[in-house]
Every structure is written in structure tokens, then in C-alpha cells.
Amino acid sequence: MALNKRERKNTELKVALAGNPNSGKTTMFNELTGSRQHVGNWPGVTVEKKTGRAFYQDYSLEVIDLPGTYSLGAYSEDEVVARDFLTAGDYDVVLNIINSANLDRNLYFTVQLLEMGVDLIAVLNMADEAEKKGIKIDKNKLSQMLGTPVVETVASRGRGIDNLLEQTVQNRNLTEASLKIDYGSEVEDLISEVVEMLKQYDFSQQINQRWAAVKLIEHDPEAVKLLEREVGASKAKKIKSLIAERELKAEDDFDNIIIDKKYEFINKIIEESVKRPAADAELENVSDKIDAVVTNKYLGIPIFMAVMWAIFKFTFTLGDPLIGYIETFFEIAGGWIGTQLLEIGVAPLISSFITDGIIGGVGSVLVFIPNIFLLFLAIGVLEDSGYMSRAAYVMDKVMSKLGLHGKSFIPMIVGFGCNVPGVMATRTLDSKRDRIISILINPLMSCSARLPVYVVFAGALFSSHASTVVFSLYIMGIVMAVIMAGIFNKILFKGERSHFVMELPPYRFPTLKGVIIHMWEKVGAFLKKAGTIIFSVVVLIWVLANLPLGVEYASAESFIGQFGQLVAPIFAPLGFGSWQAASSLVFGILAKEVVVGTLGVVYAAGEGGLRTALLANFTPLAAYSFLTMVLLYTPCIATLGAIKSETQSWKWTLITASYLFVLAWITAFVIYQGGMLLGIGV
Amino acid sequence: MEAKITLSESMEDYLEAIFNLIKKNGSARVTDIANSLGIAASSVNQGLKKLNQQGLIKQQKYGPIKLTQSGVQAAEKVNCKHQILYLFLHKTLGVKPETADQDACSIEHVLSQESFEKMVDYLIKNNYIEEQSCAFKFMENEEEEKMAAKELMLASMSVGSKAEVLKIESKGRLKRKLMDMGLNRGARVEVKGKAPMGDPIEIKVRGYSLSLRQDEAAEILVKEV
Ligand SMILES: Nc1nc2c(ncn2[C@@H]2O[C@H](COP(=O)(O)OP(=O)(O)O)[C@@H](O)[C@H]2O)c(=O)[nH]1
Ligand SMILES: [Mg+2]
């Protein structure tokens, strides 16, 4: 294009969407950007970053969907991201999305932004809901009192979007003076004094001094940290002790006074610019009525269980046949390509590399797609409808005993189907601590891929008690998860008090568009991030099982076979020190069910021969110890890939892989050696 | 008041003894308490158990005994009654100091609040006690407690009741979070319901629904409206 730099700058805007959770930011984001979206991560954290592009007239807008936040206080990783972005100031305009039906609380955030000096447009979204409740807002008055443009929208129906875009480009160079709230003489005097003190320091030229002073006076930990970093601890102490000294004499703590004045200010705005129906029409009470049933003392838990069961069925019963098609497709495609390659004279090893290694690798990534697709369709509906928060509310009592959040229940349940979507479902948790602990213990939920291993062993060695043995393994996984959650809480996150101060948003009908986009993003993220890891490891293991040149696949002479021989002694105290058992565990990293197939190959057992081979090689005790190992040890590569992509950290991925291995070894050791001592099943 | 009390089981004596020992030595051990009250260590242990149940003392196994906040208050109060009785007997009636002390020791446990206040009034009028006397503190406290009787914890409100927030007792981040969610002084709240297992609870504040755990709601003081 023939634009010079300056012109381009003039028509390129960076616009951020900020506001309370559930105010409609993402819906607005989807409206503005359509399919021109990109989902990534904010650097160094597990928080999703959504950016997209919108075009209006000659303007091109980069739009950023910030995580929802109620204040600049920043209590979770998400809120820190939003706060840091807003304070850094690298944007042209902030679109502050406000739920018009709940101005009181939404304006609290708006006022904080305006005090800080953020150039924003107040977007009165959900105008339809406000209308239904009979709330009338005088936009001009509100705009005048806030000192900033006000626009009305209904994001879910695309109403008012053009006007919003128009206002955005018109106000691209908005430089309103920051909002001033009168905090009363006591605080105001102190503010002036602190501002005077701040003026001595260079760093204060770049910030809003009044705002910084207010933050210091209300003991905002971030503000105090910033001050200490900029001027040193001893000079910071002067300011801090001035504030402390005044606070002693004041009639109340300053943070109380400041917050009260803020709400007073908001109440005044609402009084003058909002008309509410006299008898707060009990229209909205649809939500309350649904709540009365859904969180009912007797019905709450059964309803929750039914919903969980439905999600599980939906994800796996519907998904598994689809997985079957994908597997069949890749088998046929692999077979066909294999014969074609052989016909044109490609060496068998190369042909096998392409069909089994590469095509097999792609296949092992794609088999997860149906489950992820369906699960996030279900989760999308749960979240957008508002039930997700109620599920957390109903289960919090139990989960808080484990030091977890009510919402952690869902990833756990999903984990029984497959740990990959289980790990991905931890995205719904707000605090990093809940997220990490839920991820760390998710592999302990015995996924469906482990069942074939249990079934084959139990059928061969525990004929009459087979189902008891399988059931005991599921229970063992849950017990271990409870124990480990307790331990991680103590050692990794000691002293962090979790809370459950959470909004229960009104029930709403989810929009198809929102749910589909949400689901699509998850699949995309999985393919891009976890997919590459899974694919590389599948190919690598294929190569190691076929080298050195000329060996039979997975035989004792292959690298993996040799590795199996090398590490077999580690498993001897657990009752299964053979290289066959060891290599089957190595292959189990590909996917847990592969353990069975590998045992078939390494014992050179044909159909039905595996049973005899197992009877010959395992005592019942050793078999139970082996199954314990399969249950608990290092999760499959797909799960590890998902963990890496969710935590954005190799550290947590390696911690999961290694703690589980150690846990598995110790548990199997106790079981086997304990059993030997007691003389059970030897 | 030390040696003369022989076999009294009164909890107040224990409290007083612990209080004085802590003041003197910085800590109180079972043997010291037994010595100062002149009774056997085994009965001291029984007494301590009761105090512990009432939340007046904290005792780690075999560790020193500490008074809880309410323990300190109770002990201070007994102590104060003792002082006032002593002054009253000695200054106004002219009882000998030793006798006054001994009698104060016996009467302090049964003295009613009314008589206590009247004695204080009388002593003040006759300039026998000074401004900083413990008596002022306890008369004020009593009034505050009466005032505070209407203060309730949000956690103790029943479903359907409405209240106004008086104070957030939480500290640090939790306090800020609660206030950021709109639970500041003067905010109107309504208890909407409890989760099936009784915890957390759902309240309505500033037109929206908020959930809180019981222990979080216990730190929010409200008055019913
Ligand atoms: N009635 C109504 N619902 C809306 C509007 N905007 C968004 N929603 C719904 O509000 C819910 C939360 O929206 P979302 O965009 O996820 O909010 P976010 O948390 O701010 O990103 C969804 O169910 C939306 O469909 C609106 O203008 N009117
Ligand atoms: Mg959103």
C-alpha cells in the first residue's frame, strides 16, 4: 500500500476490551473481529491471549480481548495480565465493556480506570437486559459525569457495533484529564503531601501522581512495591510512615474511607443518570428460580451428577466411534500408501517409516480431536449458560477439603475418559494454584486407555476377581489424587489461602457462535502446541524401535529392547524385572493401551497366546504390581504435551512426569514386597 | 491472695494465677500454677482442661500455657474487680490492707456487675481512683458489648434475611477482594441460599449474586435490616 509511516499510524489503532467477567467482552470481540482471530498466550503465564483485527472505513484496528476483572486489584493470574496491560498503556483506546443491567459494580472498575487516566469509551452493553428490567440510562448525563464517551450496544445481537466503531476511531486521540473523586479533606490533604514527596523523584513524571498517591494511601501492595523499586526502601519508608502516622489519627482505615467515597461517587452518578423502576420489578428472578432448583439442598448434587454424566457420555460415547473412523482411515491410508511406495521401489524400511512412523504419528494426534471437540462444546455451553459457576458452588465444600476449587471437579471427571481433554479443561480455573494442582493430579484419574491393560491382565490372572481388581485400581487412582493434592498444597503452594468469592452470573442462553468459536480455538491450540510434541515423540520411538538397521521391530536387539534390558533391574523389586515388561512400559508412554500390544509383540504371542505368556511370566502379585505401575507411572506423551501447552512450562511437565514415576514405583514396591511378606498371590 | 486460696475450683482463680505468672515470668507452667494456688498438679490439669474448652487458654502438649484474647480479658476483669474491692474495703471502710486483700479475693468471684459499677462510681466521686484505672476500661467494654449485641456475622444469617454491612474483619487480599466485589460498609446484602452441603453461601449484593465460603462470611459483620 502507498501509505507512508505516519499515515499508517493514523489509521492503525490498538484497541483493548476490558471489563468485568461476563459483561460480554468476548462476544463483542467476536462481533468486531469475526474470524480474524488469533489465540495465543500472554508471555510467561497460562492465560490465553486473544487478538484479532477489525476494519472500519480506512481504519484497521488491532483488538485485544483482556481477561475479565472486577478491579485493578489483581487477585488471579488473569487479573494480573489485565492490570499490567492497562497500566502499561500501550494502546490507543480501551473499550470498557459494561453490563448495563448491573451498573453499580461495573462502574467501580470504570471509575478506577478513569482515575488512573486510561482513555476509554464506556460501552453500555447488554442494553437489552437493562431495557427488560426497566432500567433507563441517560447517556449524556453519564458521559458528562464520567468525562468520557458513552456508547450503547447489544453484543450478542450485533446491535450498536457500527456506532461503537465510529466512536472508537473518532476518539482515537482521546486525552481526557483523569477523573478526580473527592476523598474528603483528611485524605485529600495527605494526597497533596504525598504527591509533593513523589515529585522529587524522576519516575513520577511518567505516572499519574495523584493516582499513585491514592494507591499508596490505600496500601496497594503493587504501588508500594513500585515505589520501593524506584526510590529504594529507605526513602519509600518516609512516605509509608507518613501515611501510617496519619492513619493512626484518622477515624477509619484509609482503604475503607477511599472505597466508601468511590461508591458514594458511583451512587451519585447512578442517582443522577439512571432511572430504575420503583419496585425493583422481580423480572430478573428467572435466575433466582433456576438457582432455587439447581442449588437445592436435595436436588443440587443429583443435578450436578446428571450433568457430569451427560458431559461424559456426550464426550466419549459420541466421540469414540468418531475416533474409530479416524483410526480406520489412517490404517487404510497407511496401508494404501505403503503398497504404492513399495510398488514404485521404495525400500521397505523407508516405506514403513512413512506409513507407520509419520502417518501413524499424525494419526495419533488426530485421534484426540473428536473428544476435545465435543468436550469443549459441552464446556462452552456450561460456561456461557452460567451453570459452570453453580457446579463449582455445589461441589466447593468437597473440593475445598482437598485444597481445590469447586470447579476442579470437572477436569477430574473428564480425566476418567482421557487425561488430554482433562488437562485442557483446567483452563476454566481462575487461580494458577488450582490450575497447576489440578493438572498435576489429573493423570491419576484412570483414563479409558488404561482399561484394556487392566482387562487383559485381570482376565488372565484374576479370573474370578477380575472386576474387583479393575475397580480397586480406579479407587487407588482417586486415593492417590487426594493424597497428592494435599501434599502439593502443602509443599508447592504453602500459605496461599484460596477463596471462593465468586460471582454467580445470571443464566443466559449460550450463543452458537460463541460456543463454536470457543471449541474451535481449543482444537486449534491442541493441534498446534500439543500436536507437535506428540508427533515428534511417536516418530522418535518408531525410529528407536527399528534401529540399529536390520533388527525386528521392538525386539530385544532394537534400541528400545536394549534400553528395556538396561532398565529392567529397576523393576525387579516390583516383581517384573524382565526386559519385555520394561520395554512395554516404555512403549506405554506413546499411549497406555500400547502396553498390551507391545507385550504381544515381545512375547511373540499370537492371538490368545498373550494369556499363556502372561500366566508364565507373572504371578498374580507381580501382575497387580505391574497394573499399579501402569495406573500411576508417567502419563502418555499426549497428556504430557497437553500439560506443556497448558502450563507453558517444561518445569511442570517434567515434575508431573517424574513424580508420577516415583509414586508408581514406591506404590508398586510396597504392594509387591508387602504381598511377599504376607504370602499373598505369590 | 496467693497462699490462702486452698481448694477452690473456681476457674477465675486459675485464670488470675496464670495471668499473674505470665506477667511475672513471661510464661505459666502447670507446676507453677499448682504452687501459687497451693493445690495438686493433677487438679490444676483438670481446671486447665475446662479453661481450654471454654477457649480461654491455649496449651500445646507439655508446652507453656498461654491465654487467648478472651482469656486475657476475663483475667483482667477478675483482676480489676479485685483492685476495686480492695480499694473500697481499705480506703472507704478502713479495713486493714491484708484483710482487705484476702476478702477481695473471696468476694471478687461473686460480685455482680451492678455492685461493681456502683463501687467504681463511689470511688471516683471520692477521688480514690485515677483516670487510668482498669475500671474505666471495663465499664466502657461493657457498654460496647451491649452496643455490639446487634452486630452479627454474615455467616450466621439465615436464608432470606437482609442485612447491611458494618465491617469487613478480613485482612489483606481477602479484604480488598471483598470490598472490590462491592461489600463495603453500608452495602445491602440478602442471603439467597446455601449450597447443598451448607457451604458456600449465595448472597445478593449490588444487584448481583455472589458466593462466599462460610469462613469468609464469618469475617463480615452485618446488622439485620
Ligand atoms: N442479553 C445479552 N447477552 C449478552 C450480550 N453480550 C453478551 N451476552 C451474553 O453474556 C454471556 C457472557 O458473555 P461473554 O462474551 O462470554 O463475556 P466475557 O466474560 O466478558 O467475555 C454470554 O452468554 C453472551 O452470550 C448482550 O448484549 N445482551
Ligand atoms: Mg471472555
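Order of the sequence lines sets the chain letters (A, B, ...), proteins ahead of strands, with each chain counted from 1. Predicted model only: the values in this text are computed from it and were never measured.
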Novice: Hey, could you give me the CG/CG distance between B/Asp199 and A/Asp396, rounded to the nearest 0.5 Å?
Specialist: 6.5 Å

Novice: May I ask you to decide if B/Ser209's main-chain N or O and A/Glu503's side chain share a donor-acceptor pair within less than 3.5 Å?
Specialist: no

Novice: Within the 4.5 Å heavy-atom criterion, are A/Asn256 and B/Asn184 side-chain neighbours or not?
Specialist: no

Novice: Quick one: CG on B/Asp180 to OG1 on A/Thr69, what's the gap to the nearest 0.5 Å?
Specialist: 8.0 Å

Novice: At a 4.5 Å cut-off on heavy atoms, which part of A/Asn102 comes close to chain B: side chain, backbone, both, or neither?
Specialist: side chain

Novice: Would you give the length of the straight line joining atom CZ of B/Arg206 to atom CG of A/Asn267, rounded to the nearest 0.5 angstrom?
Specialist: 6.0 Å

Novice: Should B/Leu212 and A/His499 count as side-chain neighbours, where that means a heavy-atom distance under 4.5 Å?
Specialist: no

Novice: What's the spacing between A/Ser71 OG and B/Met179 CE if we round to 0.5 Å?
Specialist: 10.5 Å

Novice: Say whether, by atom type as modelled, one donor and one acceptor occur between the side chain of B/Tyr208 and the main chain of A/Arg105 under 3.5 angstrom.
Specialist: no

Novice: What are the two closest non-hydrogen atoms of B/Ala195 and A/Tyr393, and how far apart are they?
Specialist: N-OH, 3.3 Å

Novice: Starting at OH of A/Tyr263, measure out to CG of B/Leu183 and round the result to the nearest 0.5 Å.
Specialist: 8.0 Å

Novice: Measure B/Lys167 against the heavy atoms of chain A and call it side chain, backbone, both or neither at under 4.5 Å.
Specialist: neither

Novice: Could you check which of A/Pro505, A/Ser400, A/Pro506 has the highest count of heavy-atom pairs closer than 4.5 Å to chain B?
Specialist: A/Ser400

Novice: Between A/Asp288 and B/Lys192, is the closest basic N to carboxylate O distance under 4.0 Å?
Specialist: yes

Novice: For A/Tyr507, does the OH atom have more than 12 heavy-atom neighbours from other residues, nucleotides or ligands under 6.0 Å away?
Specialist: yes

Novice: Quick one, A/Met502 and B/Leu210 - any side-chain contact, counting heavy atoms below 4.5 Å?
Specialist: no

Novice: I'd like to verify something: which residue of B/Pro196, B/Gly198, B/Ala187 has the highest number of heavy-atom pairs under 4.5 Å with chain A?
Specialist: B/Pro196

Novice: Quick check on the interface: out of A/Asn99, A/Val398, A/Asp220, A/Leu72, who has the most heavy-atom pairs with chain B under 4.5 Å?
Specialist: A/Asp220

Novice: Which region of A/Glu264, side chain (C-beta onward) or backbone (N, CA, C, O), has a non-hydrogen atom less than 4.5 Å from a non-hydrogen atom of chain B, or is it both or neither?
Specialist: neither

Novice: Heavy atoms, side chains only, cut-off 4.5 Å: are A/Lys397 and B/Arg213 in contact?
Specialist: no

Novice: Considering residues, nucleotides and ligands other than B/Arg29, do more than 12 of their heavy atoms fall under 6.0 Å from its CZ?
Specialist: no

Novice: Mind running side-chain contact (heavy atoms from CB on, under 4.5 Å) on B/Lys194 and A/Lys297 for me, showing each step along the way?
Specialist: CA-CA 8 Å; B/Lys194 293 196 161 113; A/Lys297 188 166 178 188; over 6 Å; no

Novice: Just so I understand: if I count every heavy-atom pair under 4.5 Å between each of A/Leu103, A/Ile259, A/Asp104, A/Thr295 and chain B, which residue has the most?
Specialist: A/Ile259

Novice: Report which part of A/Asn20 has an atom under 4.5 Å of a heavy atom belonging to chain B: side chain, backbone, both, or neither.
Specialist: neither

Novice: Below 4.5 Å from any heavy atom of chain B, which atoms of A/Asp252 appear? Answer side chain, backbone, both or neither.
Specialist: side chain

Novice: Under a 4.5 Å heavy-atom cutoff, which of B/Met197, B/Met181, B/Gln214, B/Lys177 has the most pairs with chain A?
Specialist: B/Lys177

Novice: By a 4.5 Å heavy-atom criterion (distance strictly below it), what part of A/Asn106 contacts chain B: side chain, backbone, both, or neither?
Specialist: neither

Novice: To the nearest 0.5 Å, how far apart are NZ in B/Lys204 and OG in A/Ser287?
Specialist: 7.0 Å

